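Notes for the one structure printed next.
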Amino acid sequence: MRHNPDAGMSIIVKTVTRLTVGLILLFGIYIVLHGHISPGGGFAGGVIIALSFVHLMLAFGKDVASRKLSKNIASNLEAVGALMFLLIAVAGFFGGSFFVNILEKGTPFKLFSAGTMLLNNVAISLKVGVGLFAIFLALVILEGSKKKK
Amino acid sequence: MNSINVVPLFVIIPLFSAFFISIVGKFVKRNAVYALSVIPCILLSFFSFNALRLLQSAPGHMLLYKIGGWAPPFGICMAVDAFGVFMLVVVNLVALFICIYSTGYMEKYTDMPKFFTLFFLMLTGMNGLIVTGDLFNLFVFLEIASVASYALVAFGTEAEELEAAFKYAIMGSVASCFIFLGIAFLYGFTSTLNMADMARVLATSHSVFIIPFVSALFIMGFGLKAALVPFHAWLPDAHPSAPASISAMLSGVLIKTLGVYALARIFFNVLGITATHLAVFRFLGAISLVIGVVLALSQWDLKRLLAYHSISQIGYVVLGIGIGTPLGIFGGLFHLLNHSVFKSLLFLNSGAIDYSVGTRDLKHMSGLKEKMPITAGTNMIASMSIAGIPPFNGFFSKLIIIFACVQAGYFGYCLIAIVGSILTLASFMKVQRYAFLGELRQACQNVKEAPFVMKFSMIALAVICVLGGFLLLPSLRPFINNAVDVLIEGAKYSAIILGETAK
């Protein structure tokens, strides 16, 4: 992780962040993928994924975080998440009606089961995670531009 | 595809357009963005007329769509009846002309794709609110439309606009809280969120407290969205601050869909209307009518003046619905349609003046008739419509409301409606006098008429204003009459949906 040593918080915070940020991201992905079989789901997992990026931003400053995920990419991905959810719903027309679960249901409590639920959770997590990060980034940029004045 | 599949398209088309424009908008030329925004609006208008046609042959005069194939009390359903179709036609037709107008008007703003993204999100919210048959779904769509409108009010990002948007957002959120609380209480009491099923449970149970309490919450919540008088404080700031095309959208359709439609749907079809509710509607309508127009008289900012008139005209609509007789509701709904046409037109006119002259202050414009003949002409038509001069559409709907007052024996309200109409005329004579008639000012010598697309929308809406009265002809009358029947026979709504489901 290349970064400006003056930006962000102290070396202790940075070291701990370096260790934990990947785990937080992984936990978020776990919550998203297991949304249909255990508590959690797209929204909760998306928030945790966003928090891993927010964590990075708090510890290392906004430049490091926005190098990982820039504002433009964030706003595009957010729209992609929404479109993906809508297209999954529209794909239900192949099964006869809007929002019909057209995929194979599989065995209950297996990871790949419940048809389109998993895809829906991924779409929601994309929308929520990236959206929350974009809001945080926008607030940070706004605060930064105020300080310069 | 089955013909019933038209129902979810009212949500799918605008939602898809919103996010599609937000992705591709940055990479394509302006003209492509215009095309991408006008085409979905044309499709939506086409489908709303298509739904009107389908409804005639539909069983029970109701287009019932089960989302995901799940039957209503458990699954979410979309139910479009005559009242819903009436609103769909109004919303999508007005939105089409406003969208065409925006392609010209928004030239001077940066970030066009964002504007259309928010515009379509607002349209998604309104269409979704109209088609849904589920109370919680109604709340979600209400929030989509509201949040998009908060952002659109702030679109210019000037200090004044941000302040107005902030005020609107706070008050709107408080209203949403009331509505949400009401829904929570109803859900706790009836254990269902489907509106038809809820109506069935409420009709059979005897609870003294739940209905009055929830009614008060809903009147506060939806009353604020509709800008009825004690709850109107956000509107005179929010409507003038938005770009003109959005003011037209907010005033023309948003306050009616989120306020009047939701109010009427919930009170007539779910809670079951009582004499007390009607008396409250009449009272709120009458004070909105008077206070709105009195406050409008002293305004010099053209858009602010129009915003106060929105309060006053929504008062007519709610007064008409509050009379509760078939004639009164007919007048109210007819006025709702007429107001959405002429008030959109008036806001589009004010936008055209702002576009060409660069001011909204009536004292700084004069004699524009010479330089902007089309804006002046269409504004004259809209002004006469809103003031209730025959033969324009506003005259007929106001006349029906006044007749209904007399017929039901509410002479006081009848007098208020007449006085309100006269004061409206006075205030629009002021607009005509200061903006269009009189000497042309030196500063306005080089003013040009608005571009073609803006003229096209204004002329189209003006034509509807002139022809609006023809809706009273016996062959066209069922369009509104069927919507009135839905409200009069409120309990039938739940019977039809539950009956269709049982099949």
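The shown structure was predicted, so the numbers you read here are calculated from the model rather than taken from an experiment. In what follows, chains carry the letters A, B, and so on, assigned in the order in which the sequence lines appear, proteins first and then strands, with residues in each chain numbered from 1.
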Are any of the side-chain heavy atoms of A:Phe93 and B:Pro8 separated by less than 4.5 Å?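 SC-SC contact between A:Phe93 and B:Pro8 confirmed.
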For chain B, find which of A:Val100, A:Leu83, A:Asn76 contributes the most heavy-atom pairs closer than 4.5 angstrom.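 Most pairs with chain B among the choices: A:Leu83.
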Among A:Ala89, A:Gly81, A:Ser75, A:Ala82, which residue has the highest count of heavy-atom pairs closer than 4.5 Å to chain B? A:Ala82
Check this for me: [X], atom [atom1], are more than 12 non-hydrogen atoms of other residues, nucleotides or ligands nearer than 6.0 Å?
{"X": "A:Leu19", "atom1": "CG", "result": "yes"}
{"X": "B:Tyr150", "atom1": "OH", "result": "yes"}
{"X": "A:Leu142", "atom1": "CG", "result": "yes"}
{"X": "B:His61", "atom1": "NE2", "result": "no"}
{"X": "A:Met84", "atom1": "CE", "result": "yes"}

Any chance you could measure A:Leu87, atom CG, to B:Phe19, atom CZ, to the nearest 0.5 Å?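 Here the rounded value is 12.0 Å.
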Just to verify, which of B:Val7, B:Val11, B:Ile12 counts as forming a side chain to side chain contact (heavy atoms under 4.5 Å, CB included) with A:Phe98? B:Ile12
Given side-chain hydrogen bond (donor to acceptor under 3.5 Å, both in side chains), test B:Lys26 with A:Asn72 step by step and report yes or no. CA-CA 10 Å; B:Lys26 286 169 218 151; A:Asn72 278 336; 4.9 Å; no
